[in-house]
Each structure stands twice: as C-alpha cells, then as structure tokens.
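Every chain is numbered from 1, with letters handed out A, B, ... down the list of sequences.
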Amino acid sequence: MLIELKNIIKNYDNGGVITRVLQNINLEVDKGEFIAIMGPSGSGKSTLMHTIGFLDRPTSGDYFFDGENTKDFTDDELAKIRNEQVGFVFQSFNLLPRTTVFDNVMLPLLYSENKEGHDRRVKDALESVDLGERMSFMSNQISGGQKQRVAIARALVCDPKVIFADEPTGNLDSKSGGTVMHILDELNKEGRTIILVTHDINVARHAKRIVAIRDGEIVKDEKVAESERMHSKRSED
Amino acid sequence: MRNFLSEIKTTIKNLLSRKGRSFLTILGIIIGVAGVIIIISLGAGAQSLVLGQITKLGTNMIGILPGKSNENGPPAAVFGVQIKTLSDRDVEAIKDKSKVPYAIAVASFVSSNITITSGRESVDTTFTATDGDYTKVQNVEMEKGDFFTEEQSDAGSNVIVLGYDVATGLFPNGNELGQVVKIQIPNNNPTSLTSDVGSIPFRVIGIQKKMGTVGFQNQDDQVFIPFSIGQRQLLGIDYIQFIRIKVDDAVNVKITIDDITRVLREQHHITNPIDDDFSVRDLADAIKVLTNITGTLSIFLSLMAGISLIVGGIGIMNIMLVTVSERTREIGLRKAIGATRKNIRNQFLLESIVLTFSGGIIGIIVGILISYLIALGARFAGYDWAFVISPMAVILAVAVSILTGVVFGLYPAIKAAKLDPIVALRYE
C-alpha cells in the first residue's frame, strides 16, 4: 500500500464562511496503479490531488504515505517528500521562462540532497521523453506538447514513487495530448504509480481505475476493463 | 558549493534578462556609493592639498596675529576685523636675541587692495609690504631681477617686485625692469585727505616666477614693496597686520612660542593671560584647525550619502516586492518540486544582494572616475591636487551595499518564503 487516506476532510475558511471541499474521503492506492480522478469543476478533485501530493494539508483525517502517517510532518519534511517521492505535471506546464530546457529539468535537483550525477540524470530524463536534442533550447522556443514533455522530465528527474498530473492535456491539441498520454502509459508500464486529474473521459480511460468525485465525496470508484482502456499510439509532434 | 555557485549564476542570468529594470533598481545604490567614494576622495584630496601647502611653508614657522583668538578656531583677522595691537616696537623686542634666542628671521606684513598704473595700463591687485627678512621666511623665486634687500627695505626705497600676472598686465610688451609704476593711495588712508600726493611712484626691480594658486589665492596677482612705505605712506597706519617668524629648528617652535608670548605680554603690560591681545600660532595649530573643519564636513557629507543609500535600499525593497508578486507562480512551482521556505527566502535574498552588490561595484567605479575627473580639473586649475582613493572607503562601500541588500531584501524574501504553494500555483 503506497497511499492510504482515512477520513480526510478539507475545509476552507473564507473570512468566517466555511466551505467544505473534501468530506470524509477514504482512498487506497497501491504501487503501480494508474488512477484517474474525475469530476466536474468545483467537485474537489484538484484539492484531493493537492492533498495527496503534499501541496496542501487536510483539515482532519490521516494520510499514510508508504506506511508513514504524514499528519505531523513539518513544512521541511513535506518539502523533502515533494522533492523525492512525488512529481507534478501541471495543465499550464509551469516552466521557468527565459531558462533552458536543461535548467528547467535540473530545478528539482537543486533542492535535492542527492548531489550525484545531476547532469546525467537530467539527460536521462529528457531522453526518456524524446527531448534529448532540445536540451539547450529556451523554454519559450518549443511547442506546447514539448513543454509538457519537459514538465514530465522535470517530474521524473528525482525518480519519484508517484507522478501527479493535473489536466496534463488540457492546454494541448489532440496530437500532442496523445503523445503526453502515451508517455504516461509507458511510465505506468515501467511500474510508476500515476494519479491523473481530468474531466475528459477519453483521457481518463487511459487509467486502470477511475475515481469519480462530486461535492467533495467519492461517488464512484471502479476498475476500467482492459477492453475499454484507451491505448495510445505514439505520434511525433 | 556547486549548487550555491549555480544559484548565483542563475540569479545573475535572471537579473540580466531584465537589464533595464535591474539597472533602474540599483540606480539609487550606485548614486549613494559613488557619493560616498567621491566625498571621501575629495575630502582627502582637499586635506592633502591644504596640508601640503602648509608644510611646504615649513614646520619651523610661527605666525603672530593681532587680537586674541580661540585655539581651535580661526583668528579674528580672518573675518576682516582690523586690530591695532601689534606695533613696530613689538617686532624690535622679538628680534632681541636675549629674549627670543631661536628666532632667526622676523618679517612684518601689512597688505591691502590697491590700483597700480604704468602709463595707460592699470591693474587692480593686492600689495604686501614686508621687510628684508621676507626672503628668509618665504621661498622666493624670481623670473627677472631681484627681491629687495634688507638695506633697500630699511632705507624705505621706492622699489617694487611684481607678481607674474601683474607684470604681464602692466607691461604686455615686456621690458619691465627699471620702469616706474604708480600706486594710488587708497581712500581709506586717514592721512590722504590732507595729503596732496595722489599716488606714489615705484621702480620695478624684479618679477616673480609664475607660482599658480596656493591656499585659494592667486600668488601671481600681487606686488611686494618695502614695509615702511606700505605701512606709513600707502595705508597711513602705525600697526602691523601680521608677523612671521622663522625658528632655527622645528624642535624649538614650542619654546619660541612661549618666549614670544612672554615678550609680547611684557610689551603690552599684560599680567593675566585672559587679557592677551595677540595670538601666536605655529603650523601644528593651523593643521589642527583645518583637520577639524574638513573632518566635520566629511561627517556631514557622509551622512547625506548614507541617507541616499537608505533611499536606494527602499527602492530595492519596493522592486523586490513587485518581483515576488510577479513570480508568485514560480515560487509555487519551486515549492511543489521540493523547495523549502529557506530555499525560497535565500533565493530572493541572494537576488537582492547580487543587485546591491553590483550597484556597489558600479558605484565604486563611477565614484573613482568622477573623483579622478575632479582631480584632473583641479590640477588643470592650478591646484596641486592629489587623487586619493582610500581602500577603506572602497571596502566600506562594498560592505554597506551588501548590508543594504540583506536589510531591504529580507522582508520581500520572507514574504516570498511564506507563500502557500497551492495559493501560489493558482495565482494568475
């Protein structure tokens, strides 16, 4: 068991008005799973992902990661987990402007305690997303699909246990989106756990399991039959 | 260490990608630091100029001025007040070897502004009437002819030595020696109303070499005449404005000051030192007065420069706050991939320190350049100006600029570090 959420509640306090975003979430994720979290906007799916991804703390409940309760972790311990155990891929890429592809992928390693072979690891990560040739390009000189692949390389460079992808194809055309999903498929085949947030059923069908959330509660949690899964073909953009 | 260096590299790259703004941000620091460097350099230059001129006169000189004065302040005569307490008899008493044994030359002075004419040429200048001992208390270099001798001076001969500029003004065609010039008796001469002589003729016996400006006074715009003529006939007075004494050796200066003070009190029948109507000073006193004045000036000017550094620092803080809010998403991303609060704080602190440090370096270069140009200008104007850059001032400027970066960068950096990653990532 990699991730175990027990009675997770998340409330936001907007000047005395309390908004219940997550209500009593219970979820278990095994190593090597590929999960899509689905739901309409405002359902709490992003908050759930941020909570699982240690970007946000739950108001109450227990979160066991790799067997450890993370409830009392300090800010620095959470930063360390974000650095070493998880990788993020965002809808809007969030690459640093005026910075090379190489330096963007290097960024997590700057905060890493492991000082060995940084250049090698950045190259490996970029080659695994087929961008070995673009290392010295500026982040604004490449296409949207390539930007998202850089972001995936950045998520991979610290060799995390889980990759979180928040609408990774939301800003891409279908061809580039297909390439990105193909890479995620491949990463999952290699044994990497992937948690994906999307409202697009075609994207969600790449996953092996779909968790539907509405009004802060899990309303459906089922496996996707192998016959219904989308299998992407790799296309170059 | 490698990470730290690459962080500095990234920071510099980052700042260079916004050259215009980075430059405007540090403009205040540049001006402040350049100001400090220039002020300290000018202070040192001016001080060395004045001290150089004083010590050139020799450290074995004593001056006597009429009127009492505070030891650390300037004498009353500086303010144009005429005090008539020094007389020819005082000079005779000081020349008495049994009373003031170490004095080897005693020169009396009176001076005033006059108009001097030759034919149709006329020059407004200053005359100094002194005696034959002048060449012993002052280094005199002649372009042509000679300075008047003790005999000529004692005899009250109508001879005159012209400064270089006066000579060229009166005799554009040269051939000055042996010519006769006329000095008009000033209106304030109490005897001139009864006298029917409007001017006194003098024979030119020497022209001084060009000397330039010393002590904020053009040394070439003056003439020298024997003491008694200047005092009695031109000014119509019987007192002395200034006495300069040369002591045989610098070690005897203090003893001689005491000797002279004793002689003058005896002459003036003074028993209580509070009633002194004269002041005896050596160059050490003059140096002390000047150092006091330039020191105080430097402190005030440095304060002004310090204020401009604070204003520059506030400018840095302002821009850093803007930068933090512009880069909120970047901060969110960095936190999402593992940056701790400390990492973020150090990143922005480093940025403001790199900014102020570069500002400090540019300011030092600008300050040195401007100080150098001022020194060149001063030399061009005839001052013997030393171009001084004190290493202390440079070190101080660098230290202060880094400190400014830390002090004024800390608040924006802490603000950045406190950002919640989620809020920062959602920020548009």
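In B:Y372, the OH atom is not crowded: 12 or fewer heavy atoms of neighbouring residues, nucleotides or ligands sit closer than 6.0 Å. Other residues, nucleotides and ligands contribute more than 12 heavy atoms inside 6.0 Å of the CZ atom of A:F102. The number of heavy-atom neighbours closer than 6.0 Å to CZ of A:R214, taken from other residues, nucleotides and ligands shown, is 12 or below. For CD of B:E326, the number of neighbouring non-hydrogen atoms (other residues, nucleotides, ligands) closer than 6.0 Å is greater than 12. Residue A:D215 qualifies as open at atom CG: its count of foreign heavy atoms under 6.0 Å is 12 or below.
Scanning residues 398-423 of chain B against chain A with a 4.5 Å non-hydrogen threshold yields B:D420, B:P421, B:I422, sorted by number. For residues 335-344 of chain B, the interface with chain A (any heavy-atom pair closer than 4.5 Å) comprises B:K335, B:A336, B:I337, B:G338, B:A339, B:T340, B:R341, B:N343, sorted by residue number.
Counting heavy atoms from C-beta on, the side chains of B:L333 and A:L107 come closer than 4.5 Å. A:R98 has its side chain out of reach of B:L16: every pair of non-hydrogen atoms, C-beta onward, lies at least 4.5 Å apart. Side-chain contact between B:K13 and A:D103 is present, with heavy atoms from C-beta onward closer than 4.5 Å.
Contacts between B:R334 and chain A at a heavy-atom distance below 4.5 Å involve backbone atoms as well as side-chain atoms. If you measure heavy-atom distances from A:N94 to chain B, the contacts under 4.5 Å come from both the backbone and the side chain. In this structure, chain B has a heavy atom under 4.5 Å from the side chain of A:F90, while its backbone stays farther away.
There is a side-chain donor-acceptor pair under 3.5 Å between B:R329 and A:S92.
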